[in-house]
2 protein chains.
Amino acid sequence: MSATAIAYDRAMSRWEPNARVRLEEAALKLYVERGFEQTTVAEIAKEAGLTERTFFRHFADKREVLFSGSAVLQEILVSHVAGSPGSATPMAAVAGALGATCPLFEERREHARHRQSVIDTSPVLQERELLKLATLGAALAGALRERGTGEPAASLLAETGIAVFRVAFGCWINGSDRRTLADHLGESLTELKSAVR
Amino acid sequence: MSATAIAYDRAMSRWEPNARVRLEEAALKLYVERGFEQTTVAEIAKEAGLTERTFFRHFADKREVLFSGSAVLQEILVSHVAGSPGSATPMAAVAGALGATCPLFEERREHARHRQSVIDTSPVLQERELLKLATLGAALAGALRERGTGEPAASLLAETGIAVFRVAFGCWINGSDRRTLADHLGESLTELKSAVR
DNA sequence: TACCTTGATGTCAGTGGCTGACATCAAGGT
DNA sequence: ACCTTGATGTCAGCCACTGACATCAAGGTA
């Protein structure tokens, strides 16, 4: 993950650099073109100039190649909750953390759309996405507990926050280009507050 | 599903009856004994007196054999939301529907514990569980829309309801035998109401 | 009775995801 | 000149899952 961020300007090694990123790009391209199920790992590897075996050294399975971003997301969420002022309510801390992730998506709305269109066509990819979101939720709950929130409130707020994010993300991805993800997040939050009672 | 509920007292056909149920029981038994990954589908089929090919005629994959109950759950949720009085708030309708599912679990707490202990050991099973819950959430949202709730409120309430259920279920499964699932559901709901603001 | 249809199951061959074991070979240090 | 490191390639193999075809009791029909 850190290695792929380094900029090489010359052949510094025996192989082309950024194998991991090349695999990610090849996979998304082929998944969009042919569909997820109709693409074999061998084809992805070939497209990236590597072998199937090397693919599986970089990614645990064929789905995981679409989800490298979740680690970054988790860091943002956890650090924002940890760094939120002690005076903020747990709900405000979660809302702030979710808001902090928005720029990452806004920067690459088209990429997000492509990626999501692939995920939406395959139940097994939806499963993986749900697992990643649940993992984010668990991390969020842990960060809330560190801040003094008890159980089950911490888990409840974390899960609810993730639910709000899912709904807002869905609206953003399918909606007009004029409304930002942050807009949708805000709307979903206020809707939730008014509906829960 | 309906066929397995019929009580046969004699050999009414060429094969032992209730193949589907036998497969489910064999699978849970072996998953508990050896672990999910260490159990092959051929072993499950043999334990049930069938072949691997027949297993895959009854279940889409090796995980699905643990999730036949979700269809019943979905029916209960949807019918209770649809049948809730028009005067009830959407939140109350969701809460009522979730509460209506509790007896199904209370009746078989030990079975639920075994099943959950297997799921908790395997990420791929957790994925499937999350997909089932998300499907329930989507059905719940649909039932709310039928009742007149708009979007994104319907999805938001449905997702939140599922989140509440997940948290409550986790507390119930791991907690003391004196507290019912309905108890935990009620507590989670009040916690949520007080925390969301 | 003889025949036909139906449907759950068995058999078999094949694809592809994924893994373990071992080989290769440039880079960088000693 | 030598060694170590680490990313990659090669190969054999397991197992989840599928398509195509065969089997054969049950139940209806002529």
Side-chain angles (χ1 to χ4, degrees), chain A residues 1-6 8-24 26-27 30-31 34-68 118 122-125 127-128 131, chain B residues 1-6 8-24 26-27 30-31 34-68 118 122-125 127-128 131:
Chain A
M1 195 166 54
S2 52
T4 59
I6 300 174
Y8 296 81
D9 49 11
R10 208 78 80 67
M12 291 179 62
S13 84
R14 179 179 174 192
W15 303 279
E16 290 297 307
N18 302 326
R20 194 185 169 90
V21 175
R22 269 156 45 216
L23 285 167
E24 286 172 0
L30 294 180
Y31 290 170
R34 316 183 185 178
F36 174 76
E37 324 258 6
Q38 287 67 44
T39 305
T40 69
V41 173
E43 289 167 345
I44 299 170
K46 188 171 187 181
E47 174 84 19
L50 296 165
T51 64
E52 186 180 8
R53 191 66 183 87
T54 297
F55 178 97
F56 286 111
R57 290 206 178 89
H58 285 279
F59 302 99
D61 58 53
K62 192 185 168 187
R63 298 165 235 167
E64 195 67 15
V65 70
L66 285 179
F67 296 90
S68 67
V118 172
S122 167
V124 299
L125 287 174
E127 286 184 347
R128 180 57 48 86
L131 185 64
Chain B
M1 195 165 55
S2 53
T4 58
I6 301 175
Y8 296 82
D9 49 13
R10 208 77 80 67
M12 291 179 60
S13 85
R14 179 177 172 195
W15 304 279
E16 289 296 309
N18 303 324
R20 193 186 170 91
V21 175
R22 268 154 47 217
L23 285 167
E24 286 173 1
L30 293 180
Y31 291 169
R34 318 183 182 175
F36 174 77
E37 324 259 5
Q38 286 67 44
T39 304
T40 70
V41 173
E43 289 167 345
I44 298 170
K46 187 170 186 181
E47 174 83 19
L50 296 165
T51 64
E52 187 179 8
R53 191 65 184 86
T54 298
F55 178 97
F56 286 111
R57 290 205 179 90
H58 284 278
F59 302 99
D61 58 53
K62 191 184 167 186
R63 297 164 236 168
E64 196 67 15
V65 69
L66 285 179
F67 295 90
S68 67
V118 172
S122 166
V124 300
L125 287 174
E127 287 184 345
R128 179 57 48 85
L131 184 64

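From a predicted model like this one, the values you see are computed outputs, not experimental measurements. The chains referred to below are lettered A, B, ... by the order of the sequence lines, with proteins before strands, and numbering in each begins at 1.
- We find the OG1-NZ distance between Thr40(B) and Lys46(B) to be 10.0 Å, quoted to the nearest 0.5 Å.
- In this structure, Asn18(B) places its CG atom 15 Å from C1' of dT9(C), rounding to the nearest Å.
- Contact annotation: His58(B) does not reach the phosphate of dA8(C) (side-chain N/O to OP1 or OP2, under 4.0 Å).
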Quiz item: What one-letter contact string describes nucleotides 11-23 of chain D from 5' to 3', where B marks a base within less than 4.0 Å of any protein heavy atom, S marks contact via sugar-phosphate atoms alone, and - marks no contact?
Solution: -----SBBBB--B

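- For Glu37(A), the salt bridge (charged side-chain N to carboxylate O under 4.0 Å, His left out) criterion is met by no residue, not counting sequence neighbours.
- The CZ atom of Arg20(A) lies 14.5 Å from the CZ atom of Arg57(A); values are rounded to the nearest 0.5 Å.
- Defining each end axis of the helix from dT1(C)-dA30(D) to dT30(C)-dA1(D) as the rotation carrying four pairs' C1' atoms onto the next four, with five pairs an end, the two axes are found to diverge by 10° to 10 degrees.
- Taking atom CD on Gln38(A) and atom C1' on dG17(C), their separation rounds to 15 Å, with Å as the unit.
- Side-chain contact check for Phe67(B) versus Leu131(B): every heavy-atom pair is 4.5 Å or farther apart.
- Counting only distance, with no hydrogens or angles, the side chain of Arg34(B) and the backbone of Thr39(B) share no donor-acceptor pair below 3.5 Å.
- Taken to the nearest 0.5 Å, the CG atom of Leu23(A) stands 11.0 Å off from the OG atom of Ser68(A).
- Checking the phosphate oxygens (OP1, OP2) of dG9(D), a side-chain nitrogen or oxygen of Thr51(A) falls inside 4.0 Å.
- Phosphate proximity of dT9(C) to Thr54(B): absent, as no side-chain N or O sits under 4.0 Å from OP1 or OP2.
- Residues Asp61(B) and Arg128(B) meet the side-chain proximity criterion, which asks for heavy atoms closer than 4.5 Å.
- Looking only at side-chain heavy atoms (C-beta outward), Leu50(A) and Arg22(A) come within less than 4.5 Å of each other.
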